[in-house]
Amino acid sequence: CFLAAGVFSPAARLFHSCRDLIAYTFVYMDMKKILVVQSRTDESRIAGEQSHFRAALGATADISFLSALDERLAWSTPDEFLKGIDGVIFGGSSDFDFHGGRPAKDPARLMSLILLSRTRNIISYTLAQRLPLLGVCFGHQMVAQMHGGEVDNDAAQSKFGSHEISLTEEGARDPVFGHLPKSFFAQYAHKDSVTTLPSGATLLAQSPSCAFSALRYADKAYTVQFHPEVLKFSDIPGGTRESPEASRIIPLWAQYALA
C-alpha cells in the first residue's frame, strides 16, 4: 500500500496509515443504501423531512430521496427501481389524506389513492423480498390500507403535538421497540388514523388516542403513526415536549434491519 503524494486523492491523504485508509474504504463500500419515498408538495416541508431523516440515520446509511408525485419514474418495475437499495422508508404527508374529513372527490383524497397505486408495487416487492421497510405517518397508513386496515378520519384519534404511547407485550419483546421504555412520548401530526388492525400486522404500541401507534408486518417491516424522525415540532401547537425515546426508533430499526 502506498501513501505517497499523488497516489491517492487529497481526501485520502487525511489518513495517517494504510490501515486507516483500508478501514475507511471497507466501511464506505459496505454502507447500506436507504431510499426515502416522499409524498409532499411544499418545498420547505420536503427539505425539512429530508433533513430530519438524514439526522436520524446519521452515518449509518447512504440516503436517497424520491417523490411519489413523480410520474416519470418506473413505478411498475420495483425490481429495477430498488436495484442496489437495502431498505425503504415511506414518509409522511401534510398535503394528502385518504379521508381527512374531505369530500369523496376532493383532489387531496383522490391524489392519495393515486400515490398508493404508484407505491403499491414497491411496498409489495419490499415485503416479498424481506427488505427492511419503515412507514411513517402517511406511510403507516399506506401499508395498512394495502393490508385491509381501514383508514378513516377518526376525530378521537386525530392529533398534533407530543403524546404519550405505551408498548404492548409484543412491543416489549420486539427486537427494535424492546429497547425503549414501556411508555414514552412521540410527535404526532395527522388527521386520519388506522382504525382496524391490518392483516398480518402485530400491534407494538398504542395509546388511548391512537389505537395502532406502531405495527410490525414482518421481521424487518415496521410502520408508525407518529414521526420518530422529529424530536419536537416547533411549528405545531401542543408540540411542547421533546421525544428522545421515540427518536431512537429509526437508528434501532437501521441497526437491526440492515445488519
message: Assess whether a salt bridge exists between Arg72 and Asp70, defined as any Lys/Arg side-chain N lying under 4.0 Å from an Asp/Glu carboxylate O.
response: yes

message: Taking salt bridge (charged side-chain N to carboxylate O under 4.0 Å, His left out) as the definition, give me every residue that meets it alongside Glu170, ordered by chain and number, with sequence neighbours left out.
response: Arg173, Arg216

task: For the pair Glu49 and Phe65, evaluate side chain to side chain contact (heavy atoms under 4.5 Å, CB included) and give the outcome as yes or no after the intermediate values.
output: CA-CA 10 Å; Glu49 184 175 60; Phe65 299 87; 5.9 Å; no

message: Please determine whether residues Leu113 and Ile122 belong to a single hydrophobic cluster, defined as Ile, Leu, Val, Met, Phe, Trp and Tyr linked transitively by side-chain heavy-atom distances below 4.5 Å.
response: yes

Considering only distance and modelled atom types, tabulate donor-acceptor pairs under 3.5 Å from the side chains of residues 203-213, sequence neighbours left out.
{"unit_1": "Ser207", "atom_1": "OG", "unit_2": "Ser209", "atom_2": "N", "d": "3.2"}
{"unit_1": "Ser207", "atom_1": "OG", "unit_2": "Ser209", "atom_2": "OG", "d": "3.4"}
{"unit_1": "Ser207", "atom_1": "OG", "unit_2": "Cys210", "atom_2": "N", "d": "3.1"}
{"unit_1": "Ser213", "atom_1": "OG", "unit_2": "Tyr188", "atom_2": "OH", "d": "3.0"}
{"unit_1": "Ser213", "atom_1": "OG", "unit_2": "Cys210", "atom_2": "O", "d": "3.4"}

query: Does the side chain of Ile46 come within less than 4.5 Å of Thr41's, by heavy atoms?
result: no

field: CG on Leu252 to CG on Leu180, rounded to 0.5 Å
entry: 6.0 Å

- prompt: Would you say Tyr222 and Leu215 make side-chain contact, with heavy atoms under 4.5 Å?
  reply: no

query: Going from CD on Glu71 to CD1 on Ile114, what distance comes out if it is rounded to the nearest 0.5 angstrom?
result: 8.0 Å

- prompt: Side-chain contact, heavy-atom cut-off 4.5 Å: Phe90 with Ile123?
  reply: yes

query: Can you get from Trp75 to Leu35 by hopping between Ile, Leu, Val, Met, Phe, Trp and Tyr side chains that sit under 4.5 Å apart?
result: yes

Sidechain-backbone polar pair: Ser247 side chain, Ala56 backbone, donor-acceptor under 3.5 Å: no

message: Within this structure, what is the CD-CD distance for the pair Glu164 and Glu245, rounded to the nearest 0.5 Å?
response: 9.5 Å

Under 3.5 Å side-chain donor-acceptor pair for Gln50 and Gln38: yes

- request: Just do the side chain to side chain contact (heavy atoms under 4.5 Å, CB included) check on Leu116 and Met146 with the steps written out, would you?
  value: CA-CA 8 Å; Leu116 178 60; Met146 280 185 57; 3.8 Å; yes

message: Taking Gly148's backbone N and O only, do any of them form a donor-acceptor pair with Ser199's side chain (distance below 3.5 Å, no angle check)?
response: no

query: Taking only residues at least two apart or on different chains, which pairs with a member in residues 114-149 satisfy ring-ring contact (aromatic ring centres under 6.0 Å, His included)?
result: Phe98-Phe138, His147-Tyr217

Same apolar cluster (I L V M F W Y, side chains within < 4.5 Å links), Leu115/Leu133: yes

message: Quick check: do Ile63 and Leu57 have side-chain heavy atoms less than 4.5 Å from each other?
response: yes

- prompt: How many angstroms lie between atom CZ of Arg109 and atom CG of Asn153, to the nearest 0.5 angstrom?
  reply: 8.5 Å

task: Check step by step if side chain to side chain contact (heavy atoms under 4.5 Å, CB included) holds for Thr126 and Leu82.
output: CA-CA 9 Å; Thr126 300; Leu82 297 177; 3.6 Å; yes

Within-4.5 Å side-chain heavy-atom neighbours: Val136 and Phe53: yes

Intermediate values then yes/no, side chain to side chain contact (heavy atoms under 4.5 Å, CB included), Leu258 and Ile34: CA-CA 9 Å; Leu258 297 174; Ile34 291 180; 3.6 Å; yes

query: So do Asp152 and Ser193 actually touch side chain to side chain, heavy atoms under 4.5 Å?
result: no

message: Looking only at side-chain N and O atoms, does Asp219 offer a donor or acceptor that is under 3.5 Å from a partner on Tyr256?
response: no

query: Would the number of heavy atoms belonging to other residues, nucleotides or ligands and lying under 6.0 Å from CD of Gln255 be above 12?
result: no

Ion pair check, Asp86 and Lys33, cut-off under 4.0 Å: no

message: Would you say Glu229 and Gln187 are linked by a side-chain donor-acceptor pair, where the criterion is simply a distance under 3.5 Å?
response: no

field: Aromatic ring proximity Phe226/His163, centre distance under 6.0 Å
entry: no

- line: The residue among Asp192, Val151, Val194 that forms side-chain contact (heavy atoms from CB on, under 4.5 Å) with Gln145 is Val151

task: Answer yes or no: is there a side-chain heavy-atom contact under 4.5 Å between Arg130 and Lys220?
output: no

message: Can you tell me if Arg102 has over 12 outside heavy atoms packed within less than 6.0 Å of its CZ?
response: yes

message: Checking Gln157 against Gln225 for the side chain to side chain donor-acceptor pair (under 3.5 Å) test, could you report, in this order, the C-alpha distance in whole Å, the side-chain angles of both residues, the deciding distance, and whether it holds?
response: CA-CA 11 Å; Gln157 296 194 66; Gln225 180 59 74; over 6 Å; no

task: Please examine the side chains of Ile89 and Val37, heavy atoms only from C-beta on, and report whether any two atoms are closer than 4.5 Å.
output: no

- prompt: CE/Met111 to OG/Ser93 distance, rounded to the nearest 0.5 angstrom?
  reply: 9.5 Å

